[in-house]
Amino acid sequence: MSKLPRSYSDKYVPGQGEYDLFKNLNAEWITGPFIKVFYIALVAVFAAVLYVSQVFSFEDMWTVTNIAHGVITFIFFHWIKGCPDDSTQGEYNAFTLYEQIDAGTPWTQTKKFLMLMPTLLTYIACQAADYKKFYVIVNLGIFFICIIAKLPQMHRVRILGINSTPGIDNPVQLQQKEKKRK
């Protein structure tokens, strides 16, 4: 049993100890101790497979790795919303996975790591291409899309209503008070 007093006692099942009913299993895994190592290894294996296949040149291989990483992480972290776990009862339906990580708190270690990965991949891809104009434009384009989506100022922002959820992301409109009746 924890020595810290709990102020949200309605979130715990009586007699079940510290079981949090509102624990977000959808975002909890990304803060695990070995996820960062696994993440880096997965990107490295992808790059190694591209290199060994000899389909791409060395400069193309890193650019393709950066593009694939950018597209995949954008879709999974910034496009798909909600939580597949039914125990949350729809509490996270309006949030993307990135917005759910660490309960939306900005600049946590996990979020800093997730910002570092596209930065490093962009740097490696541009360096491998010897900063040729085409590769720099492509890699920086992917980089800016990935990084802008991760900024705290973009939390719950749906640009031009793209990826908004009807009924959840609708703007709140205040009604003016009715004129006094005669």
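Quick caveat: nothing in here was measured; it's all calculated off a predicted structure.
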Nearest atoms (heavy-atom pairs only) where [X] meets [Y]:
X	Y	value
Ser53	Leu50	OG-O, 2.8 Å
Trp29	Ile35	O-CG1, 3.0 Å
Phe76	Leu97	O-CB, 3.6 Å
Cys83	Asn24	SG-OD1, 3.6 Å
Asn66	Ala125	CB-CB, 4.4 Å
Trp107	Lys112	O-CE, 3.2 Å

Legend entry - Positive for side chain to side chain contact (heavy atoms under 4.5 Å, CB included) with Phe56, one of Val64, Thr65, Thr63: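 Exactly one option meets the side chain to side chain contact (heavy atoms under 4.5 Å, CB included) with Phe56, and it is Val64.
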Inset, instruction - Mind checking the CD1-OG1 spacing from Ile75 to Thr96? Nearest 0.5 Å is all I need. - result: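 If we round to the nearest 0.5 Å, Ile75:CD1 and Thr96:OG1 are 13.5 Å apart.
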Legend entry - Value rounded to 0.5 Å, distance of CH2 in Trp62 from OG in Ser57: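 One gets 13.0 Å once the value is rounded to the nearest 0.5 Å.
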Report yes if some heavy atom in the side chain of [X] is under 4.5 Å from a heavy atom in the side chain of [Y]; otherwise report no.
X	Y	answer
His155	Tyr98	no
Met117	Ile40	yes
Lys111	Ile101	yes
Pro118	Ile142	no
Ile30	Asp102	no
Gln109	Lys36	yes

Legend entry - Joint hydrophobic cluster, Ile67 plus Leu121, side-chain heavy atoms closer than 4.5 Å: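 No, Ile67 and Leu121 fall in different hydrophobic clusters.
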Legend entry - Transitive ILVMFWY side-chain link Ile124 to Leu140, under 4.5 Å: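 Yes.
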Checking [X] side chain against [Y] main chain: does a donor-acceptor pair fall under 3.5 Å?
X	Y	value
Thr119	Met115	yes
Asn163	Trp79	yes
Asn26	Gly82	yes

Inset, instruction - Could you label the plane-to-plane angle of the Phe74 and His78 rings as parallel, tilted or perpendicular, counting under 30° as parallel and over 60° as perpendicular? - result: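 Phe74 and His78: tilted rings.
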Inset, instruction - Would you kindly check if the NZ (Lys) or CZ (Arg) of Lys81 is within the cone defined by 45 degrees around the ring axis of Phe95 and under 6.0 Å from the six-membered ring centre? - result: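 Judged by the rule (NZ or CZ under 6.0 Å from the ring centre, within 45° of its axis), Lys81 is not positioned above Phe95.
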Inset, instruction - Decide whether a cation-pi geometry holds between Lys150 and Phe77; the criteria are a distance under 6.0 Å from NZ or CZ to the six-membered ring centre and an angle within 45° of the ring axis. - result: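 Lys150 over Phe77 ring: no.
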Inset, instruction - Taking atom OH of Tyr131 as the centre, report whether more than 12 heavy atoms of other residues, nucleotides or ligands fall under 6.0 Å from it. - result: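 For Tyr131, atom OH is crowded (more than 12 foreign heavy atoms under 6.0 Å).
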Inset, instruction - Answer yes if the side chains of Asn139 and Thr122 hold a donor-acceptor pair under 3.5 Å, and no otherwise. - result: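 No donor-acceptor contact under 3.5 Å links the two side chains.
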Legend entry - Stepwise salt bridge (Lys or Arg N to Asp or Glu O under 4.0 Å) check, Arg156 with Glu99: CA-CA 7 Å; Arg156 294 204 66 188; Glu99 293 167 342; 5.3 Å; no
Inset, instruction - Name all residues meeting the ring pair (Phe, Tyr, Trp, His ring centres under 6.0 Å) criterion together with His69; count only those two or more places apart in sequence or in a different chain, and write none if there are none. - result: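 Scan of His69 (ring pair (Phe, Tyr, Trp, His ring centres under 6.0 Å), adjacent residues dropped) gives Tyr39.
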